[in-house]
Amino acid sequence: MLSPLLQVDPEIFEAITGEVRRQQTSLELIASENFVSVAVMEALGSVMTNKYAEGYPGARYYGGCDFVDIAERLAIERARTIFGAEHANVQPHSGTQANMAVYFALLERGDTILSMELSMGGHLSHGYKKNFSGHSYHSVFYGVDRKTEQIDFDQVRALALEHRPKLIICGASAYSRFIQFSRFAEIAREVDAYLMADIAHIAGLVAAKLHPDPFPYCDVVTATTHKTMRGPRGGIILCRQEHQKSIDAQVFPGMQGGPLMHVIAGKAIALKEAMAPDFRVYQEQILKNARALALGLEKRGFRLVSGGTDNHMVLIDLSAKGLTGQQATQILERVGITANKNLIPYDPRPATEASGIRLGSPALTSRRMREPEMDQICAFIDQALSAADDQAKLDKIHAQVLELCEAYPLYQRSYHM
Ligand SMILES: *Cc1c(COP(=O)(O)O)cnc(C)c1O
């Protein structure tokens, strides 16, 4: 019980130290990733992982819940305060689970959902055919306008009037513009649909009031805590009082068993961090850095989907560069830059190749990088993607990437951070 990991399981020890090295020595541009604080990691590695706490604070099915109740109550209170919500459920194990619980609470099997199409920037859990949401409900999708590459509200309204969905979902995984909740709300009201905002990606920006607020427009808001929120991997649901009972019942016992109390403690910490003034400064810097990435790429001849960004991400169309998203991410990986391939709107390529890549600034902003570093990174990206297979050139860029990483160290306390 008391032996250190290195002795108990050297293979996993190696894997973890390898991952530490990878995170320290590469430039993380995956828009959905971030680096949690040491305090959050302490909670994740704490004894709260030992505790069963089925139920909710004050109403558990197990004894000994006094201390986990403190943690969960703090997480709930902080989430309500930050987002101005009447109720918060902090138990969903992930963003997808949060969405699932909302569907269970608001819909019957076979009901119609209107949401953004996956290939246009939506999320799997919004009705994609290979996801539970696509099996259980009838999905109708809106997209973006071919020209502006922004949400086409005429189309959203026309689809809503034609299909009379019970639920409209707004919120995306690969969309670099503000989500205009008020416009979705007008349409939802007109067709008497529930409106859910999935702010998985932008929760940190919303918390810092740097993105339009989904309340009071939405009936329910779901979020993840691990993207711009910079907390542990997990989901939360925010809703009006009237949905509290059914949503809580659908999270537990509807869809999950025991909550992950160590993660909920970590969520509470991240939410406390989000209430401090420097969190807003951090979120502002995320926006500045995303804009710097957009500008830096544009001036080097890259085409940005929708022409720019309002949030933490940029979507690049590589089709004019003669590269697929798949090829580009592989080249970038060789110089220590991590990103993901992404479909662009009306992409002629399959998702496995894709014509674009998605870049996000949250993780590097957590490393304290700023606009000048973003510009430097754009130069690395440009040079790497035009170097093709020139190994000497790629090695040279990689060396510069390593130098930049060393100048902005990440976690230096012990082997696992
Ligand atoms: C990331 C994301 C989720 C949920 O992600 P999990 O991997 O299930 O935590 C849900 N919705 C959107 C829009 C997302 O971007």
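Counting starts at 1 for both ligands and their atoms, in listed order. Keep in mind the model is a prediction, meaning the values are calculated, not measured.
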Any non-hydrogen protein atom less than 4.0 Å away from atom 7 (O) of ligand 1: no
Does NZ or CZ of Arg146 lie under 6.0 Å from the centre of the six-membered ring of Tyr346, at an angle within 45° of the ring axis? yes
With backbone taken as N, CA, C and O and side chain as the heavy atoms from C-beta onward, which portion of [X] lies under 4.0 Å from ligand 1: side chain, backbone, both, or neither?
X      : result
Ala200 : side chain
Ala172 : backbone
Thr224 : side chain

Using the rule ring pair (Phe, Tyr, Trp, His ring centres under 6.0 Å), only one of Tyr52, Tyr56, Phe252 pairs with Tyr61; which is it? Phe252
For atom 9 (O) of ligand 1, which candidate among Ser125, Gly234, Gly95 provides the closest heavy atom? Gly95
Please work out which of Lys227, His93, Arg233, His126 has its closest non-hydrogen atom nearest to atom 2 (C) of ligand 1. Lys227
After noting the C-alpha distance and the side-chain angles of Arg358 and Ser32, does the key distance pass the side chain to side chain contact (heavy atoms under 4.5 Å, CB included) rule? CA-CA 10 Å; Arg358 186 186 66 166; Ser32 48; 3.4 Å; yes
Starting from atom 3 (C) of ligand 1, what is the nearest protein heavy atom, named by residue and atom, and what distance separates them? His123 NE2, 3.3 Å
Looking at atom 11 (N) of ligand 1, what's its closest protein heavy atom, distance included? Asp198 OD2, 2.5 Å
Salt bridge or not for Lys288 and Glu284, using N-O below 4.0 Å? no
So which heavy atom on Arg22 is nearest to which on Glu28, and how close? NH1-OE1, 3.9 Å
Can you confirm whether Leu29 sits close enough to Ile337 that some side-chain heavy atom of one is under 4.5 Å from a side-chain heavy atom of the other? yes
Which atoms from ligand 1 have a heavy atom of [X] less than 4.0 Å away?
X      : value
His201 : 15 (O)
His226 : 9 (O)
Ser94  : 8 (O), 9 (O)

Gln97-ligand 1 polar pair, N/O distance under 3.5 Å: no
How about Ser125 and Asn131: does a side-chain donor come under 3.5 Å of a side-chain acceptor? no
Any side-chain donor-acceptor pair under 3.5 Å between Gln244 and Gln241? yes
